[in-house]
Amino acid sequence: MSDIRKKLKLAILISGRGSNMMTIHKSCQDPDFPAEIALVLSNRPDAGGLAYAKDHNIPTEVVDHKEFSSRDEFEAEMHNRIEPYKPDLIILAGFLRILNAPFVKKWPNRILNIHPSLLPEYKGLNTHARAINDGKTESGCTVHYVVPELDSGQTIIQKRVPIFNDDTPETLEKRVLEQEHIAYPEAIKLVANNILSE
Ligand code: GAR
């Protein structure tokens, strides 16, 4: 029997440096990885990750949220720009805009996010400072499905790291980010293999 397997197409949404996008791109170079990047879209024209995507011949789109008077109009334009690439999964990788229900419901169980905390703890912003201020001894990251409620969808993978007494938000961010770079490719592989075997 032929062993040629389809690869799922990813649309990766970023707002900044895009280190998670880069690590996913590296995983996609493995012939056995069940996904490939069809598009990198940024809501910020100056996002550092866009240069990496262009250098690696990955198609890019920019939809600047500042050019829209409402979130619904911004998201409708994002949908229009994503749709032609026919992605199987939308990967939020440091995409720092909240997505409204109409957008999320267009891609049921097809949007993944990575969040720098052990959800359900520390939804939202400034996760590392909040964990340190609360005297926590452990933090981590969570890859989860996106639902209309912020940072609330089903968890796919979590990775844990210790918090040390002398940690600052910056040192903790670095430790968690290393785990994000392991967790996101693992989670995509898991979800993609599930979809491919449906
Ligand atoms: C990552 O730490 C990611 O978990 C976080 O933004 C960073 C993006 O880094 N996302 C959120 O806080 C979402 N609420 P990157 O641009 O280098 O991938």
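Both ligands and their constituent atoms are indexed starting at 1 by order of listing.
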What is the nearest protein non-hydrogen atom to [atom], stated with its residue, atom name and distance?
atom	answer
atom 12 (O) of ligand 1	P116 CD, 3.4 Å
atom 1 (C) of ligand 1	E180 OE1, 3.1 Å
atom 8 (C) of ligand 1	G94 CA, 3.5 Å
atom 16 (O) of ligand 1	G18 N, 2.9 Å
atom 14 (N) of ligand 1	H115 ND1, 3.3 Å

Original post:
After noting the C-alpha distance and the side-chain angles of D134 and Y122, does the key distance pass the side chain to side chain donor-acceptor pair (under 3.5 Å) rule?
Top reply: CA-CA 11 Å; D134 287 349; Y122 304 115; 2.6 Å; yes
Subject >> M21, portion touching ligand 1 at heavy-atom distance under 4.0 Å >> reply: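 Neither part.
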Subject >> Close approach of I14 to ligand 1, heavy atoms, under 4.0 angstrom >> reply: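 It does not; every heavy atom stays at 4.0 Å or beyond.
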**OP:** Using modelled atom types only, decide if a donor and an acceptor are shared between the side chain of R130 and the backbone of L125 within a distance under 3.5 Å.
**Re:**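 Between the backbone of L125 and the side chain of R130 there is a qualifying donor-acceptor contact (under 3.5 Å).
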**OP:** Check whether any side-chain heavy atom of L39 lies under 4.5 Å from a side-chain heavy atom of I58, and answer yes or no.
**Re:**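 The answer is no, as the side chains (C-beta and beyond) never meet within the 4.5 Å cut-off.
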**OP:** Please say whether R17 places an N or O atom under 3.5 Å from an N or O atom belonging to ligand 1.
**Re:**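 N/O-N/O distance below 3.5 Å exists for this pair.
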**OP:** Run down the list L96, N20, V143 and name the one with the heavy atom closest to atom 18 (O) of ligand 1.
**Re:**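 Nearest heavy atom to atom 18 (O) of ligand 1 lies in N20.
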Going by atom types alone, do [X] and [Y] pair a side-chain donor with an acceptor below 3.5 Å?
X	Y	value
Y52	H25	yes
N100	D72	yes
H181	S19	yes

**OP:** Would you mind checking if E198 and K6 are paired as a salt bridge, meaning a charged N to carboxylate O distance below 4.0 Å?
**Re:**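 No, no charged N to carboxylate O under 4.0 Å.
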